[in-house]
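In what follows, chains carry the letters A, B, and so on, assigned in the order in which the sequence lines appear, proteins first and then strands, with residues in each chain numbered from 1.
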Amino acid sequence: MGKIVGKPKGFADNFVRKPGSYPKVTHYCPGCGHGRIHKLIAEALETLDVVDKTVFVSPVGCSVFGYYYFDCGNIQAAHGRAPAVATGTARSNPESMVISYQGDGDLGAIGMAEIMHAANRGENMTVIFVNNGIYGMTGGQMAPTTLDKQVTSTTPYGRDISETGAPLKMSELISTLDAPVYVERVAVSDAKNIMKTKRAINKALQSQKDKKGFSFVEVLSTCPIGWKLSPSDAIDRLQSQMETYFPLKVFKDDTETRSPKRLASALPKDEDIINILGVNDETVLFKKDEGFIKNFKDQRVRVAGFGGQGVLMAGVTLAQLGMETGLNVTWLPSYGPEMRGGTANCHVVISNKPVGTPLVELPNVLIAMNSPSLDEFLPIVEKGGLVVVNSSIVTKKIERTDVKAVYVPMTDIAESLGLRAASNMVAVTAYLAFTGVMKLDQLKKMLEVGFKKKDLLAKNMEVIDKAYEYVKINCL
Amino acid sequence: MKREFIKGNEAIVKGALLAGCTHYFGYPITPSSEIIHLVAKLFPKVNACYIQAESEVAAINMCYGASSAGRRVLTASSSPGISLKQEGVSYLAGSELPCVIIDVQRAGPGLGNIWPEQGDYNQVVKGGGHGNYKCPVLAPNSPQEMCDLTIDAFELADKYRTPVYVLTDAYVGQVMEPVTFPSTIQKGERKDWAVYGDKNSSNNLISSIKMNTVEMEKMNILLQEKYEVIEKNEVKYAEYLVDDAEYIVVSYGITSRIVYSAIDTLRAKGLKVGMLRPITLFPYPKKRVAELAKRVKGFCSIELSNGQMVDDVRLAVNGKVPVEFYGRLGGAIPEQDEIANKIEEFYLKA
Ligand SMILES: Cc1ncc(C[n+]2csc(CCOP(=O)(O)OP(=O)(O)O)c2C)c(N)n1
Ligand code: SF4
C-alpha cells in the first residue's frame with residue numbers, strides 16, 4: 001500500500017472513509033501512479049485555496065475510492081459517466097471547482113461520448129485522465145490505450161492493433177475541439193516530469209478557477225500489478241514505451257487569451273417564472289352561461305385535410321372556444337410519421353360532462369378539407385351527423401343520405417381576401433354558423449385577445465364575416 | 001390560478017418550473033419531444049439550466065450530478081430512451097438522489113413506433129435497472145394531472161431522497177385540455193447531504209458503493225424500509241362508480257380514459273361496473289384492491305401491454321375472485337365499444 005508523505009490540505013488527515021485498519025495508507029498497490037497524482041491534485045487545491053469549493057468526481061476503476069482521500073465534496077459516478085455528472089454539478093454551482101478524475105477504460109472506452117461532449121461544450125471543469133494503458137481494477141484487461149503487442153488478460157497473445165485498433169491518443173483527439181482551453185500530456189515517471197505534472201494540474205485548476213472552461217490533463221501512469229512488473233521496472237516501461245508512443249507535450253494552451261465564461265447560477269426568480277407562465281393571469285373571457293352549458297349537446301368533431309391547411313389549429317380553436325365558454329374539452333392530434341404523408345387530422349370533444357376518451361371514434365361532426373379526408377372519415381360519421389365540406393377542393397357530393405352536408409368553398413373564400421392560410425378559419429366559422437353550437441362573436445372576442453400577430457387579426461375577422469355571409473345566404 | 005388550454009407534455013414543463021425545478025437534461029425522442037422543446041424555450045428566459053445532452057445516458061448522469069449538487073432536476077424521454085437511462089436510475093436510487101423522470105411511453109420492443117403503449121410498466125414500476133430498488137411512479141391520465149403529478153413528483157423525490165417517475169403515454173402527452181396552474185412556486189430546501197462546493201457541504205459524499213457486504217446489506221435494508229414507508233403513506237388512486245359496483249375494471253393512463261367512457265355505456269345497459277384507477281403504480285393501491293375483492297364478483301385489468309399491471313392486481317386479489325386481462329399492443333388503441341364488450345363478457349363470466 002502506498003504511503004502519502006507530507007500531507008497537503010486537500011488530503012484527509014486520516015482516511016476515515018476507508019475501511020480496514022490502515023487509515024493512513026492508500027488502497028493503491030505499491031508503485032501505482034494514482035496515489036502520486038492524487039497528492040499533486042491535493043497540493044494544487046491547497047495552493048489555489050479552493051479546497052472547500054472543490055467537488056471531486058471519482059470514476060469506476062482503481063480510483064473509485066478517490067473520496068477516501070480528498071477532503072472536499074465528493075461524488076462517485078458510474079463507469080465512464082464522470083464528465084456528465086461533473087457537467088450537472090458544474091452547472092449547478094458555477095463557483096465550485098469540479099474535477100473529473102478518470103482512467104483510460106473509463107474515459108477512452110465506455111465513456112467516450114461523455115468526455116468528448118463535455119469537452120466540446122467547454123464545461124468549466126478539469127479532467128485528470130490517468131492513462132496506465134490497462135484496466136487495473138478489473139484484472140488487467142486491454143484498455144483503449146494498451147500498446148501494440150502488450151500482453152493483458154484479454155490479449156494473452158499480445159494486442160494485435162490490426163484487429164483491435166491502435167491505442168487511442170486522447171489528448172490529440174480532445175485538442176482538435178474548439179472549446180477546450182488547455183490540453184497537456186504529462187507523466188509521473190521521474191522528478192522532472194512529476195514537476196511538470198504538478199504545474200499542469202495547477203494550471204488547469206487555475207484556469208477553471210478563472211472560469212475559462214474545460215482543461216484536460218492526461219497523466220501517463222504506472223500499473224505495476226496490471227503490467228506484471230516491479231515498481232521500478234514499471235517506471236522504466238513508462239519512460240521507454242509509454243512516453244514514446246504518447247508524446248509528452250502541451251497540445252493546446254489558450255489560458256492567456258481566453259476570456260472568462262459568464263456562468264449563470266441557474267436560480268430562477270419566482271416572479272420571472274410567474275410572469276413567463278402567466279399563471280396569475282385571471283382573465284375570464286366570458287361570463288358562465290349556465291343555461292347554455294346545461295343544454296349543450298356533445299360535439300364529437302374530426303377535422304381533417306392536407307398538412308398546411310391549418311387542420312390542427314381549427315380543432316384547437318374550436319376546443320379552446322369550448323373551454324372559454326365553460327365546457328369540458330379535449331383535442332388530440334394525428335402526429336409524427338402520420339403527418340408526413342401530407343394529411344393531418346384531429347379529434348375534438350366538447351361536452352358539458354367530464355370527457356372520458358379523447359378519441360373521436362364516432363364523430364357527429366366531420367370537417368373535411370380535402371377529398372382523401374372525406375373518403376377516409378365519412379364512413380364513421382354518426383347517423384344524423386354533420387359533414388362540412390371544403391367545396392373549393394372537393395368537387396363531388398356526399399353519397400350518404402343519413403348525414404347532413406354543408407358545402408363551403410373554404411379555400412376560395414380565404415383566397416379572395418388574400419389569406420389562403422385562413423381556410424381553416426372559414427371551416428370553423430361555417431360549422432359554428434350552420435349549427436349555432438357556439439357564438440361567432442365569442443369566437444371573435446377570443447381571437448382578439450389571443451391572436452399574437454395583430455396585423456393578421458383584422459384579416460381573420462374579415463374572413464369570418466365573409467364565411468358567415470356565405471353560409472347565411474347559401475346554406476341556412 | 002390560470003386555466004390554459006395546453007398539451008400534456010407542455011403541462012409537465014410548466015408544472016416542473018412551478019415545482020422549483022432548476023435543471024433539465026434530456027435527449028429528444030417522439031412522443032416526448034414537446035417537453036424538451038418547451039424547456040428550450042422557457043428555461044433560458046428564467047435563468048434555469050437546460051442542456052440537450054448527447055444521449056439519454058449522459059442526460060440521466062447530468063441529473064445525477066445536479067441532484068448531487070442539491071438541485072431539483074428533471075429529465076424526460078420515451079421508452080427506448082428509458083431503457084438507456086436505467087443504469088443511471090439505479091445509481092440515483094443507490095446514492096439516494098432525488099430526480100424526476102418522465103416516461104412518455106411508446107410502443108416497443110426495439111424501435112417499435114411512436115404510438116401509445118404501456119409496455120414500460122415492468123421496467124419502470126419494478127425497478128428496471130440492477131439492484132434492489134424501486135421508484136415511486138405516478139400515472140397521470142390528463143394534462144391537468146401531468147402538471148399536478150409532476151409537482152407531486154418533485155416533493156416526493158426530495159421527501160424520500162429517491163428518483164420518481166411520471167409514467168405517461170403518447171396520447172396523454174399529445175392531448176390538449178384545460179389545465180389550471182397553481183400560482184405559487186414550490187422550492188427545494190438546502191439539503192444537508194448534498195455537495196454544494198462550499199465549506200458547509202465539504203464533508204459530504206454521494207456514493208452507492210459499499211465494498212463491505214455487511215455495510216451493503218445494511219444500505220439495502222434501509223432502502224427497503226424507505227419503500228415500506230412510501231407504501232404506507234403515498235398510495236393514491238381514483239375511483240369511478242365503485243360504490244355499488246359488482247365488477248371492477250383496473251386501468252391507468254390513457255386507457256383509463258377510454259374505460260371511463262366504456263363504463264358509461266355499460267351502466268346505461270344496467271351493468272354495475274366501476275373503475276379503480278391507480279394514480280401511484282408504486283406504491284400500488286394493493287389494500288384497496290384487496291378490500292374490493294371481498295365484495296365484488298371479479299376484476300379485469302385493461303392495458304396497452306401484454307399484461308404487466310395485471311400481475312399486481314392478481315397479487316392483491318390473492319385468488320379471492322377471478323382476475324381477467326385484456327390488452328392491445330404495438331400502439332393499437334382499443335375502441336370504446338371493444339372495451340365495453342370485453343368488460344361485459346368478463347362480467348357475465350364472473
Ligand atoms: C457498466 C460497467 N461495465 C464494466 C464495469 C467493470 N469495470 C470496472 S473498472 C473497469 C475498467 C477500469 O479501467 P480504467 O478506467 O483504465 O481504470 P484503472 O482501474 O486502470 O485505474 C471496468 C471494465 C463496471 N463497473 N461498470
Ligand atoms: S491495479 Fe494498477 S492501477 Fe490499480 S491500484 Fe494497483 S497498480 Fe494502481
task = Check for a donor-acceptor pair, side chain of A:Thr89 on one end and backbone N or O of B:Ala69 on the other, with a separation under 3.5 Å.
result = no

query = Counting only N and O atoms by type, is there a donor-acceptor contact under 3.5 Å from the side chain of A:Arg81 to the main-chain atoms of B:Asn61?
reply = no

key: Region of B:Ile60 that comes under 4.5 Å of a non-hydrogen atom in chain A   = neither

task = Under 4.5 Å, counting heavy-atom pairs only, tell me which of B:Lys199, B:Lys45, B:Met176 racks up the most with chain A.
result = B:Met176

key: Spatial distance of atom CG (B:Asp198) from atom OG1 (A:Thr54) [nearest 0.5 Å]   = 11.5 Å

inquiry  = Looking at B:Lys218, I'd like to know if its NZ atom is crowded, meaning that more than 12 non-hydrogen atoms belonging to other residues, nucleotides or ligands lie closer than 6.0 Å.
reply    = no

ask   = Any side-chain heavy atom of B:Ser202 within less than 4.5 Å of one from A:Asp71?
value = no

ask   = Could you state the interatomic distance from NZ (B:Lys7) to CG (A:Leu332), rounded to the nearest 0.5 Å?
value = 9.0 Å

query = With a cut-off of 6.0 Å (strictly less than), are more than 12 heavy atoms of other residues, nucleotides or ligands near CZ of A:Arg262?
reply = no

note = Most heavy-atom pairs under 4.5 Å with chain B, out of A:Ser92, A:Ala118, A:Pro354, A:Ala12, belong to A:Ser92

task = Using non-hydrogen atoms and a 4.5 Å limit, figure out which bit of B:Gln336 sits close to chain A: side chain, backbone, both or neither.
result = both

remark   = Distance col, row A:Leu277:CG vs B:Leu18:CG, nearest 0.5 angstrom, shows 5.0 Å

inquiry  = Looking at every non-hydrogen atom in both residues, tell me the closest pair between A:Arg17 and B:Asn203 and how far apart they are.
reply    = NH2-O, 2.6 Å

note = Honestly, the part of B:Asn212 sitting under 4.5 Å from a heavy atom of chain A is neither

key: Reported CG-to-CD distance for the pair A:Asp270 and B:Gln186, which is rounded to 0.5 angstrom   = 10.5 Å

key: Non-hydrogen side-chain atoms of B:Arg257 and A:Val355 separated by less than 4.5 Å   = yes

Residue part contacting chain B, namely of A:Ala78, when any heavy atom lies under 4.5 Å = both

request  = Look up atom CD1 in A:Ile273 and atom OG in B:Ser183, then write down how far apart they are to the nearest 0.5 Å.
outcome  = 13.0 Å

ask   = Should we say atom NZ of A:Lys288 is surrounded by more than 12 heavy atoms from elsewhere, each under 6.0 Å from it?
value = no

query = Could you give the distance from CD1 (A:Ile75) to CG (B:Leu205), rounded to the nearest 0.5 Å?
reply = 9.0 Å

message = With a 4.5 angstrom heavy-atom cut-off, is it the side chain or the backbone of B:Ile263 that approaches chain A, or both, or neither?
response = neither

note = If you tally heavy-atom pairs under 4.5 Å between each of B:Asn200, B:Val46, B:Val195 and chain A, the highest tally belongs to B:Val46

remark   = From the list A:Thr87, A:Asp272, A:Leu359, A:Asn93, the residue making the most non-hydrogen contacts under 4.5 Å with chain B is A:Asn93

request  = Sort A:Leu327 into side chain, backbone, both or neither according to what part of it lies under 4.5 angstrom from a heavy atom of chain B.
outcome  = backbone

ask   = What are the two closest heavy atoms between B:Ser261 and A:Gly356, and how far apart are they?
value = OG-CA, 3.4 Å

message = Among B:Ala53, B:Pro143, B:Ser68, B:Gly8, which residue has the highest count of heavy-atom pairs closer than 4.5 Å to chain A?
response = B:Ser68

query = Do A:Arg91 and B:Thr22 have side chains that get closer than 4.5 Å, going by heavy atoms?
reply = no

ask   = If you look at every heavy atom in B:Pro178 and A:Met323, which pair is closest and at what distance?
value = CB-SD, 3.3 Å

key: B:Ser95 side chain near A:Gln76 side chain, heavy-atom distance below 4.5 Å   = no

query = Mind checking whether A:Glu123 and B:Ile51 have side chains closer than 4.5 Å, heavy atoms only?
reply = yes

Check: B:Tyr91 and A:Val85 side chains under 4.5 Å, non-hydrogen atoms = no

query = Out of A:Asn275, A:Thr283, A:Val51, A:Ile274, which one racks up the most heavy-atom pairs below 4.5 Å with chain B?
reply = A:Ile274

Contact origin within B:Phe5 toward chain A - heavy atom pairs under 4.5 Å = both

query = Top residue by heavy-atom pair count (under 4.5 Å) with chain B, among A:Arg121, A:His79, A:Lys269?
reply = A:Arg121

ask   = Between A:Thr330 and chain B, which part of the residue has a heavy atom less than 4.5 Å away: side chain, backbone, both or neither?
value = both

query = So with a 6.0 Å cut-off around OH of B:Tyr27, is the heavy-atom count from everything else above 12?
reply = no

inquiry  = With a 6.0 Å cut-off (strictly less than), is the heavy-atom count around CE of B:Met211, excluding the residue itself, greater than 12?
reply    = no

task = Taking the side chain as every heavy atom from C-beta outward, state whether B:Tyr171 and A:Pro358 have any pair of such atoms under 4.5 Å apart.
result = no

task = Dump the intermediate steps for side-chain contact (heavy atoms from CB on, under 4.5 Å) on A:Val349 and B:Glu177, then the final yes or no.
result = CA-CA 10 Å; A:Val349 182; B:Glu177 285 181 359; over 6 Å; no

ask   = With only heavy atoms counted, which part of A:Glu361 is less than 4.5 Å from chain B, the side chain, the backbone, both or neither?
value = side chain

task = Please tell me if the side chains of B:Glu4 and A:Asp281 come closer than 4.5 Å, counting only heavy atoms from C-beta onward.
result = no

key: A:Phe65, part contacting chain B, at a heavy-atom distance under 4.5 Å   = side chain

inquiry  = Quick check: closest heavy atoms across A:Ala84 and B:Ala58, and the distance to 0.1 Å?
reply    = CB-O, 3.6 Å

message = Taking every non-hydrogen pair under 4.5 Å, which of B:Phe25, B:Tyr196, B:Phe43 racks up the most with chain A?
response = B:Tyr196

